[in-house]
Amino acid sequence: MSKILIRGAKVLGGEPQDVLIDGGTIAEVGSGLSAEGAEIVEAEGKVLLPGLVDLHTHLREPGREDSETVLTGTRAAASGGYTTVFAMANTFPVADTAGVVEQVWRLGKEHGYCDVQPIGAVTVGLEGRKLAELGAMHESAAGVTVFSDDGKCVHDAVIMRRALEYVKAFGGVVAQHAQEPRLTEGAEMNEGVVSAELGLGGWPAVAEESIIARDVLLADHVGSRVHICHLSTAGSVEIVRWAKSRGIAVTAEVTPHHLLLTDELVRTYNPVFKVNPPLRTERDVMALREALADGTIDIVATDHAPHPHEDKDCEWAAAAMGMVGLETALSVVQETMVDTGLLDWAGVADRMSFTPAQIGQAKGHGRPVSAGEPANLTLVDTAYRGSVDPAGFASRSRNTPYEGRELPGRVTHTWLRGKATLVDGKLT
């Protein structure tokens with residue numbers, strides 16, 4: 001593998017520096033570096049970050065290859081600056097056995113655009129009745145450390161307690177999709193003024209908040225770790241903030257779309273805005289931004305949820321829930337957090353690389369940009385502004401809520417262990 005010299009990049013948004021990659025490792029970071037025969041990447045004015053880590057991606061394979069595959073999903077990830085993604089378990093068959101998680105893990109290895117770490121199901125078939133093979137999935141070649149029934153809530157408190165107790169034995173974490181099912185029957189959007197005016201079934205904030213409150217208490221009771229997926233309400237922020245003040249081992253994520261979009265967009269009846277949990281109010285959006293800035297919310301995770309055209313090009317009630325997000329996540333975070341002054345680029349590196357890698361125990365990822373570290377890197381042109389055109393996406397699906405919207409920033413290069421997966425905005 002040849003040497004690569006990145007010249008004049010603002011490492012984590014700081015002073016310009018040169019970064020020399022030799023093989024799969026960062027060899028040197030400093031000023032005025034040179035290396036005979038090295039490929040030169042001129043990075044003046046651009047920001048260099050550690051490769052991004054997504055703790056919440058739906059790759060759909062096996063079973064829904066019409067929506068996404070491990071290959072197309074990891075190509076989308078590389079386009080968005082990601083070097084590792086955690087693949088959710090709601091595939092067909094469900095990733096609830098060692099065999100299925102190993103299949104997904106090996107597909108990631110074969111395709112090579114980013115590392116793929118499977119997330120194992122908490123319960124058999126995501127049915128919420130019987131614990132899946134948590135230990136076997138952890139001991140498999142995939143080395144699963146994160147377990148989730150995402151798409152469904154582990155609503156039975158006894159099952160949730162047992163799962164937390166089980167993963168504690170090997171330092172794992174249960175990632176909860178916080179949604180009380182009885183409170184969200186027939187729900188199509190956020191419960192509030194807009195749902196009342198439109199006559200659509202409401203998804204109340206308390207359906208999320210009540211599960212989070214229960215689960216942080218359970219985690220405290222058994223001394224285990226719980227992670228809250230796609231936190232979306234101001235009330236949920238306050239519960240997590242209280243739990244952390246008590247020393248409870250809880251972490252939480254927010255999606256880019258919940259940092260930017262509100263339920264007012266549902267007035268268009270465009271199913272591209274239908275998502276679970278739903279888009280909330282402006283008050284919720286502002287609370288989420290503040291919580292991400294102050295560390296109450298630990299990370300940004302995309303909840304990349306691809307769907308084929310026919311599942312979104314239909315009436316609102318029949319449409320699938322979810323949005324693609326890998327290729328636009330960093331731009332949305334720049335607009336909502338960096339350009340507003342709530343986070344600097346070092347903070348972005350923490351929320352989108354260092355901390356998600358730590359939560360998911362992604363070895364070799366989320367590491368400092370310094371000599372001796374793996375060369376998992378992302379170069380961003382932060383001055384760029386452009387309209388989102390899903391026709392150019394690497395993802396197999398096009399269900400983005402940002403089509404035609406101008407967003408800042410563009411990932412120009414991504415390196416996975418020193419190998420370029422994206423060069424000048426184009427996949428290698």
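Note that this is a predicted model, so its numbers are computed, not measured.
- Glu208 and Ser236 form a side-chain donor-acceptor contact under 3.5 Å, judged by distance and modelled atom types alone.
- Within the 3.5 Å criterion, the main-chain N or O of Ala27 finds no donor-acceptor partner in the side chain of Lys3.
- Between Ser353 and Leu49 the shortest side-chain heavy-atom distance does not fall below 4.5 Å.
- Distance check, rounded to the nearest 0.5 Å: CD1 of Ile299 to OG1 of Thr355 gives 8.0 Å.
- Inter-residue side-chain proximity for His177 and Met88 is flagged as unmet; no heavy-atom pair is nearer than 4.5 Å.
- Looking at His58 and Asp303, their side chains come closer than 4.5 Å, going by heavy atoms from C-beta outward.
- Expressed to the nearest 0.5 Å, how far OG1 of Thr414 lies from OH of Tyr113 amounts to 11.5 Å.
- Inter-residue side-chain proximity for Ser395 and His304 is flagged as met; some heavy-atom pair is nearer than 4.5 Å.
- Residues Tyr384 and Lys46 form no side-chain contact, since every pair of their non-hydrogen atoms from C-beta on lies 4.5 Å or further apart.
- The only member of Val254, Asp294, Thr340, Leu343 that meets side chain to side chain contact (heavy atoms under 4.5 Å, CB included) when paired with Arg289 is Thr340.
- Listed for the Thr84 side chain is a donor-acceptor partner under 3.5 Å among the backbone atoms of Asp115.
- Counting all heavy atoms, side chain and backbone alike, Arg367 lies closest to Pro374 at CG-CD, 4.2 Å.
- With hydrogens and angles ignored, the 3.5 Å screen pairs a side-chain donor or acceptor of Gln334 with a backbone N or O of Thr382.
- Proximity of a side-chain donor or acceptor of His138 to a complementary backbone N or O of Val144 within less than 3.5 Å is detected.
- The distance from atom OH of Tyr402 to atom OG1 of Thr328, rounded to the nearest 0.5 Å, is 5.5 Å.
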Worked check of side-chain contact (heavy atoms from CB on, under 4.5 Å) between Asn270 and Leu265: CA-CA 8 Å; Asn270 186 342; Leu265 290 164; over 6 Å; no
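- Inter-residue side-chain proximity for Ser224 and Val167 is flagged as met; some heavy-atom pair is nearer than 4.5 Å.
- The closest side-chain heavy-atom distance from Val226 to Ile228 is below 4.5 Å.
- Of the possible donor and acceptor atoms, none in the side chain of Glu180 sits under 3.5 Å from a partner among the backbone N and O of His155.
- Shortest non-hydrogen contact noted between Val332 and Pro256 is CG1-O, 3.4 Å.
- Listed here is the closest heavy atom pair of Leu5 and Ala35: CD2-N, 4.5 Å.
- Salt bridge status for Asp150 with Lys152: absent, with no side-chain N to carboxylate O gap under 4.0 Å.
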Intermediate values then yes/no, side-chain contact (heavy atoms from CB on, under 4.5 Å), Val300 and Leu292: CA-CA 8 Å; Val300 176; Leu292 183 64; 3.6 Å; yes
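- The existence of a salt bridge linking Glu68 and Arg396 is excluded, since no basic side-chain nitrogen approaches an acidic carboxylate oxygen closer than 4.0 Å.
- How far OG1 of Thr233 is from CD of Glu209: 3.5 Å, rounded to the nearest 0.5 Å.
- No side-chain donor-acceptor contact under 3.5 Å links Asp381 and Thr412.
- With hydrogens and angles ignored, the 3.5 Å screen pairs no side-chain donor or acceptor of Asn376 with any backbone N or O of Thr83.
- For CZ of Arg385, the number of neighbouring non-hydrogen atoms (other residues, nucleotides, ligands) closer than 6.0 Å is greater than 12.
- Not a single donor-acceptor pair under 3.5 Å links the side chain of Arg129 to the backbone N or O of Thr123.
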Are Val348 and Met337 close enough, and set up right, to give a side-chain contact (heavy atoms from CB on, under 4.5 Å), and what steps lead you there? CA-CA 8 Å; Val348 172; Met337 301 301 296; 5.5 Å; no
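- The NE2 atom of His307 lies 10.5 Å from the CG atom of Asp66; values are rounded to the nearest 0.5 Å.
- Looking at Glu238 and Arg241, a side-chain N of the basic residue comes within less than 4.0 Å of a carboxylate O on the acidic one, giving a salt bridge.
- Using the six-membered ring where Trp is involved, Phe170 and Tyr166 have ring planes that are perpendicular, over 60° apart on the 30 and 60° scheme.
- Contact detail for Met352 and Val333: the closest heavy-atom pair is SD-CG2, 3.8 Å.
- A donor-acceptor contact shorter than 3.5 Å links the side chain of Ser79 to the backbone of Arg75.
- In plain terms, the two heavy atoms of Ala163 and Leu131 that are nearest each other are CB-CD2, 3.8 Å.
- From Lys419, atom NZ reaches atom OG1 of Thr428 across 6.5 Å, with rounding to the nearest 0.5 Å.
- Ring pair His230/His56 is tilted by interplanar angle, where 30° to 60° counts as tilted.
- Ion pairing between Lys244 and Asp298 holds under the 4.0 Å rule for side-chain N and carboxylate O.
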Mind running side-chain contact (heavy atoms from CB on, under 4.5 Å) on Ile248 and Trp242 for me, showing each step along the way? CA-CA 9 Å; Ile248 297 172; Trp242 171 85; 4.2 Å; yes
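- For the pairing with His413, the side chain to side chain contact (heavy atoms under 4.5 Å, CB included) check across Leu379, Thr421, Leu377, Leu422 returns one residue only, Leu379.
- For the residue pair Asp284 / His258, no side-chain donor-acceptor distance below 3.5 Å is found, with atom types taken as modelled.
- Ala375 approaches Ile21 most closely through the heavy-atom pair CB-CG2, 3.7 Å.
- Put simply, the side chain of Thr69 never gets that close to the backbone of Glu65: no donor and acceptor are under 3.5 Å apart.
- The backbone N or O of Ala219 sits nowhere less than 3.5 Å from a side-chain atom of Lys168 that would complete a donor-acceptor pair.
- Few gaps surround CD on Glu310; more than 12 heavy atoms of other groups in view lie less than 6.0 Å from it.
- With a 4.5 Å cut-off on side-chain heavy atoms, Gln179 and Ile211 do not count as touching.
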